[in-house]
Amino acid sequence: MLIRQIMDNCALHRLPSKNPGDPRGMLSVIEGERDIPFAIARVYFLAGTPGDLVRGSHAHRALEQYAMCVSGSCIFDIDDGRRRESIVLSGPDVGLYMGPLLWHEMRAFSLDCVLLVLASAHYDEADYIRNHAEFQELAR
Ligand code: TYD
């Protein structure tokens, strides 16, 4: 369910619980091409990130990603070349969809933060844009 369209290719979603009210706890499911708009090729997660560290600081040429804090919280700073938005990711039922050409930085990791990311393609360094000036040229 869409919470907010942040930019053309960036949106905040709420994942419906499969077992609301279950005393055994939460079971959350994400199916590629159903709950998110792409087939999942790769899963990675960040944990134990120091709270004062900034990660990311890049954009992707084609990769689509879906990020959620399955534990704790962090802040995403997103820039589409026209404007910037800061999004607090908190809670395992909220996910951030990011399409290509979004400069992003992650910061303010809580001690218990586990940031899970689903990606549409295998790792490919050639898909990374790590130079902000180059990103601005491409995003224009
Ligand atoms: P990197 O993307 O540089 O981290 P950040 O998002 O902070 O810029 O990734 C760190 C290292 O991990 C780098 O050597 C590349 C490697 N890596 C993989 O091998 N596979 C992956 O899926 C990812 C995300 C990173």
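In what follows, every heavy atom counts, from backbone to side chain, and hydrogens, waters and symmetry copies are set aside. Start at 1 and go down the list; that is how both ligands and their atoms are numbered.
- In this pair, W103 and H132 present their aromatic rings perpendicular. The plane angle is above 60°, beyond the 30 to 60° band.
- Using the six-membered ring where Trp is involved, F38 and Y97 have ring planes that are tilted, between 30° and 60° apart.
- Protein residues with a heavy atom closer than 4.0 Å to ligand 1 are R42, Y44, R55, G56, H58, Y123, Y128, R130, listed by chain and number.
- Between Y66 and H13, the two ring planes are tilted [angle within 30° to 60°].
- The list of side-chain hydrogen bond (donor to acceptor under 3.5 Å, both in side chains) pairs with a residue in residues 35-49, not counting sequence neighbours, reads Y44-Q65.
- Within a 6.0 Å radius of CG in L2, more than 12 heavy atoms belonging to other residues, nucleotides or ligands are found.
- Heavy atoms of other residues, nucleotides or ligands lying less than 6.0 angstrom from CZ of R34 number 12 at most.
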